[in-house]
Novice: 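Sending over a structure as structure tokens; questions will come in a sec.
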Amino acid sequence: MEYNHKDIEARWQQFWKDSQVYRAEIDKSRPKFYVLDMFPYPSGAGLHVGHPLGYIASDIFARYKRQKGFNVLHPMGYDAYGLPAEQYAIQTGQHPEVTTRANIARYREQLDKIGFCYDWSREVRTCDPGYYKWTQWAFMQMFNSWYDRSQNKARPISELEAHLAARGTEGLNAAQSKELHITAAEWNAMPEKERRQALMNWRIAYQGNSVVNWCPKLGTVLANDEVSEGVSVRGGYPVEQRQMTQWLLRVSAYAQRLLDGLETLEWTDSLKETQRNWIGRSEGAEMRFKVKDSDLELEIFTTRADTVFGVTFMVLAPESKYVQQLTTPEQREAVEAYLEQVRHKTERERQIEKKVSGVFTGAYAINPLSGKEIPVWVSDYVLAGYGTGAIMAVPAHDSRDYAFARHFNLPVVPLIEGADVSEECFEAKEGIICNSEGPTLNLNGLTVKEGIARTKQFIEEARLGKVKVNYRLRDAIFSRQRYWGEPFPVYYKDEVPYLMDESALPLELPEVPSYLPTESGEPPLGRAQGWHTPDGFPIELCTMPGFAGSSAYYLRYMDPHNNDALVGREANDYWQDVDLYIGGTEHATGHLIYSRFWNKFLFDLGLVCRDEPYRRLVNQGMIQGRSNFVYRIKDTNTFVSRGLKDQHDVTPIHVDVNIVSNDRLDLEAFRAWRPEYKDAEFILEDGEYLCGYAVEKMSKSMFNVVNPDDIVERYGADTLRLYEMFLGPLEQSKPWDTNGIDGVSRFLKKLWNYAEKALADDPQRPATPEELKAVHKLIKKVSADVENFSFNTSVAAFMVALGELTATKKASRHALELFVRVLAPFAPHISEELWHQLGHEGSVVDAEWPSWNEDYLKESVVKYPVSFNGKVRFTIEQPADAPREVVQEAALSNPAAAKWLDGKEPRKIIVVPGKIVNVVV
RNA sequence: GCAGAAAUGGUGGAAUGGUAGACACGACAGACUUAAAAUCUGUUGAGGCGGAAGCCUCGUGCGGGUUCAAGUCCCGCUUUCUGUACCA
């Protein structure tokens, strides 16, 4: 019988479905193992061959763990809220839910064909009311919580109110938007509205007026991780800075814990490093500069406290509140003009130009250490959102300050001995300090490091400021002026936000007649009929961002049908956390930060049992496309083969990779591809047309998209799975090239032939030593490889082992059975088929993972024999703990060594303490 | 600029400090076939010696170093990819 993948795969996929073998239930008699894929956003284009890479890897691991005796949870779902569906809805008027549903159906169909062992009974969709009820619920908990820095955890807002009523802000150590001083008496006298406004200063989900990334084209604000190089990640539209009232999550309160938690995780160093950079911890000092002839003080943050004597001017961010307060009447016109100019620049323009610009406010500050007067300027190179929005400028030792000083002709005072600042600044944080003596402090002669410590100490003693740790990580902007997202369970009374009652959850997304903003510029929900509470109070018009739904989905999989809790206690206690998480690095600064934050918050409230959600994380690489080109001779319809193209003036044109095989163009298919190529002429080499190629992103416009359905149809799911793993290391980016797939396809056919022989063998005949050696070597190799995610070498090991087995000319059922057990995670369909042909009931997913026996693997001890210049040199492995003489004696008396010694005395013996003896004969 | 990863045949890629190039593709040659496809066998890093079995030299981006032994470890470069950036 021929190997018929279609027949085998259809049959066993049906069997798995009918017998529900992948269903996971709590079973306290077995250890749990939770394998999770980052769930996909179901786009309209469907899956291409690059998408399943990570899913195949996690599927292999999940099956392997199950065979090792673990109770495996391996779920899948959809991140269903998102911009593309909404944009499509705006264009077509079709409800995003309709397109999302259709896309999900298509995804499911494609996924099913590959034979994954997902427990689909646990599927979640972020746009399901039964799911987003818990997203809304989590938001409510955050609204009702504040972060206590003393206890380092989130606490109920009622406890904060009690504190304020009893002692005001005294003794309060909380994460907050700004420093407030309120006495108990003041608090108790406050009307309800004012109290609620004040509490926003501490809530973990709070409303704040801050500078945000506004994308006019998308008509919404965006979080920092949704903006890259000044344009939106989705769509690539320009983004500008705007001051707006928004919902935010106080992620910054968790900055230190998010940093510390990384130490406990088995993630790659590069990913941890990316998160560390994003969190951006910097230690420094916050200090105040008095403003001349004024009661005002400017607060700044610096990491270089040692350079205060070199501060020759100060700079405010254009958005800083100090700007209005400080600007003198003479300078007001110039400052206003500058602010206007800055406002009109988009973020992208600001970044690309990098032109030095700024304006003098007319005010002077006093350098607290030197006592000198220094001018205060405004410039857009200072960011409003970081630190205090004001800086002390040290032009001699900071390149931005240096450029600014040179442009506006401000003084530059070097502070490090020997530093030449006539051409450029000296940025290195080393050297001996000079020019740093004032009435109260002298730093001359100290190193930079000593200088920083000394100054920090002085600042605290002299009450000029305090030592402070700053983080780059900002609070996450949580409102989106869009339709297709979770509605906020919030209404407004007296213009102050109130939470709805929990019984109102889920607050379902209403229908709207159009998905565009309203005429008055309100979000699309402004068009919804009856979008108010029964009492007539208006409901929030913004919806939540994409990361809201994906932040706790891993918890929901543990207990997806629970209507009373996000996750039940019993389910959470059993499944605990994700043991293995697989997905792309693109989520490093978005989802993976927010999700960790969200989980830590729930942990603080005692709702989940683990502080970190994803213990081990593996990033699969991107699969790129491999595009093919034909070369058209200019102004003709003649195409010249790759090798001859330099002799002509040609234009390369992308050609569909599906009509090219091994870079050879199918001429007839090409003529039929497009009407304009119907009469194409070709200049061939050796009778063939060779196409050029390039590695590019896989996309429709490059005609290099390969669809997994086509591969499954032609070669089978097992072949697809093996080939995706065989392509190269999982973590590495690599181009897809269908050409190599014949190799694994042949392997499965050979296996099928071998199995036919083995199945016909006498069941009583024991396996030969050669067979046992081949199979046990395989088990050992694959066991180690799977643990290390080295799936490509596993696939190679299968090929080698099969080659060795066929070379023995024997084929026993015993060898086949062991082979099938280790192959099962990689190629489940053919393994299931052979497992049953071997006479087993049940599924191969429950076949025990075999162990190997070292006795079958023993080899000669003589290794690496080399001969050179008439000498022979070989190495003998010996036990590590024996003394040199013993090792040498044992090595020379070894029978295998005798062959190489050939009766002669060795000329030189090198004993390497530990394990190796080199003998030169 | 900063951070991380990487560089090995025509191609994708293997190598706990121990015979570099496993495995696969492609290519070449052969078998089967009227022929093609499929399948099978052999060769395939470069250069050289030999009738042959076989043997020698050189070879893992570049330059140094450690070691009996380096693709692997250390120092200094070059290039590529990824992330990030007026973060004071």
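So you know, we letter chains A, B, ... as the sequences are listed, proteins then strands, and number each from 1. Since we're looking at a predicted model, the values are computed, not measured.
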Novice: Under a 4.0 Å N-O cut-off, is there an ion pair linking A/R276 with A/E263?
Specialist: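 Salt bridge: yes.
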
Novice: Within the 4.0 Å heavy-atom criterion, would you say A/D737 contacts the bases, only the backbone, or no part of the nucleic acid?
Specialist: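 Result for A/D737 = nothing.
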
Novice: Would you mind telling me which of B/A15, B/C23, B/A3 lies closest to the side-chain atoms of A/N277?
Specialist: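 The answer is B/A3, which lies nearest to the side chain.
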
Novice: Could you tell me if A/R596 sits above the aromatic ring of A/W267, with its cationic atom closer than 6.0 Å to the ring centre and no more than 45 degrees from the axis?
Specialist: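 Verdict for A/W267: a cation-pi partner in A/R596.
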
Novice: Quick check: on RNA chain B, is the nucleotide nearest A/P729 upstream (toward 5') of the one nearest A/Q624, or the reverse? Name the residue that is more 5'.
Specialist: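 Upstream on the strand: A/P729.
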
Novice: Could you tell me how far apart A/R400 (CZ) and B/C87 (C1') are, to the nearest whole angstrom?
Specialist: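 Rounding to the nearest Å, CZ of A/R400 and C1' of B/C87 are 7 Å apart.
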
Novice: Is A/T585 touching bases, backbone alone, or none of the nucleic acid, heavy atoms closer than 4.0 Å?
Specialist: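 Nothing, no nucleic acid heavy atom in range.
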
Novice: With a non-hydrogen cut-off below 4.0 angstrom, is A/I391 in contact with a base, only sugar-phosphate, or nothing?
Specialist: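 If one applies the 4.0 Å heavy-atom cut-off, A/I391 turns out to touch a base.
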
Novice: For A/E586, answer base if it contacts any base atom (sugar-phosphate contacts may also be present), sugar-phosphate if it contacts only those atoms, and nothing otherwise; contact means non-hydrogen atoms under 4.0 Å.
Specialist: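 The residue A/E586 makes no contact with any strand.
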
Novice: Looking for any heavy atom pair under 4.0 Å, which part of the strands does A/D269 touch: base, sugar-phosphate only, or nothing?
Specialist: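 Since no nucleic acid heavy atom lies under 4.0 Å of A/D269, the category is nothing.
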
Novice: Please classify the nucleic acid contact of A/K750 as base, sugar-phosphate, or nothing, using heavy-atom distances under 4.0 Å.
Specialist: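 Sugar-phosphate, no base atom in range.
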
Novice: Which whole-number value in Å describes the distance from A/Y723 OH to B/G13 P?
Specialist: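 Rounded to whole Å, this separation is 10 Å.
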
Novice: Can you name the one residue among A/F747, A/Y723, A/F726, A/F798 that meets ring pair (Phe, Tyr, Trp, His ring centres under 6.0 Å) with A/F826?
Specialist: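 It is A/F798, the one option of A/F747, A/Y723, A/F726, A/F798 that forms the ring pair (Phe, Tyr, Trp, His ring centres under 6.0 Å) with A/F826.
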
Novice: B/G13 P sits how many Å from A/L730 CG, rounded?
Specialist: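 Interatomic distance, CG of A/L730 to P of B/G13: 13 Å.
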
Novice: Would you call the rings of A/W377 and A/F408 parallel, tilted or perpendicular, where under 30° means parallel and over 60° means perpendicular?
Specialist: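 Tilted, since the angle between the ring planes falls between 30° and 60°.
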
Novice: Relative to the 5' end of RNA chain B, which residue comes earlier, A/G389 or A/T793, by the nucleotide with the nearest heavy atom?
Specialist: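 Between the two, 5'-proximity favours A/T793.
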
Novice: Please give the stem ranges for RNA chain B, sorted by first residue number, where a stem is three or more consecutive Watson-Crick or G-U pairs and both donor-acceptor distances are under 3.5 Å.
Specialist: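 B:1-7 with B:78-84, B:10-12 with B:23-25, B:26-31 with B:39-44, B:45-49 with B:54-58, B:61-65 with B:73-77 - these are the stems of 3 or more pairs that involve RNA chain B.
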
Novice: Is the ring pair A/Y3/A/H5 parallel, tilted or perpendicular, if the boundaries are 30 and 60 degrees?
Specialist: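 Correct class here is tilted.
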
Novice: So what does A/R746 hit on the nucleic acid, given a heavy-atom distance under 4.0 Å: a base, only sugar-phosphate, or nothing?
Specialist: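 It contacts sugar-phosphate atoms only.
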
Novice: Does A/E804 pair with A/K777 as a salt bridge, N-O distance under 4.0 Å?
Specialist: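 Salt bridge: yes.
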
Novice: If you compare every side-chain N and O of A/Q732 against the phosphate oxygens of B/A5 (OP1, OP2), does one of them come in below 4.0 Å?
Specialist: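 Answer is no, no contact under 4.0 Å.
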
Novice: When you check the gap from the basic side-chain N to the acidic O, do A/R406 and A/D401 get nearer than 4.0 Å?
Specialist: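 Looking at A/D401 together with A/R406, the answer is no, because their closest N to O distance does not fall below 4.0 Å.
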
Novice: With sugar-phosphate meaning primed atoms plus P, OP1 and OP2, does A/R281 contact a base, only sugar-phosphate, or nothing at under 4.0 Å between heavy atoms?
Specialist: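 Contact class for A/R281: none.
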
Novice: Specify the glycosidic conformation (syn or anti) of B/G59, with syn defined as within 90° of 0.
Specialist: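 You should classify B/G59 as anti.
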
Novice: Below the 4.0 Å mark, does B/U82 have OP1 or OP2 next to a side-chain nitrogen or oxygen of A/S270?
Specialist: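 No, no such contact exists.
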
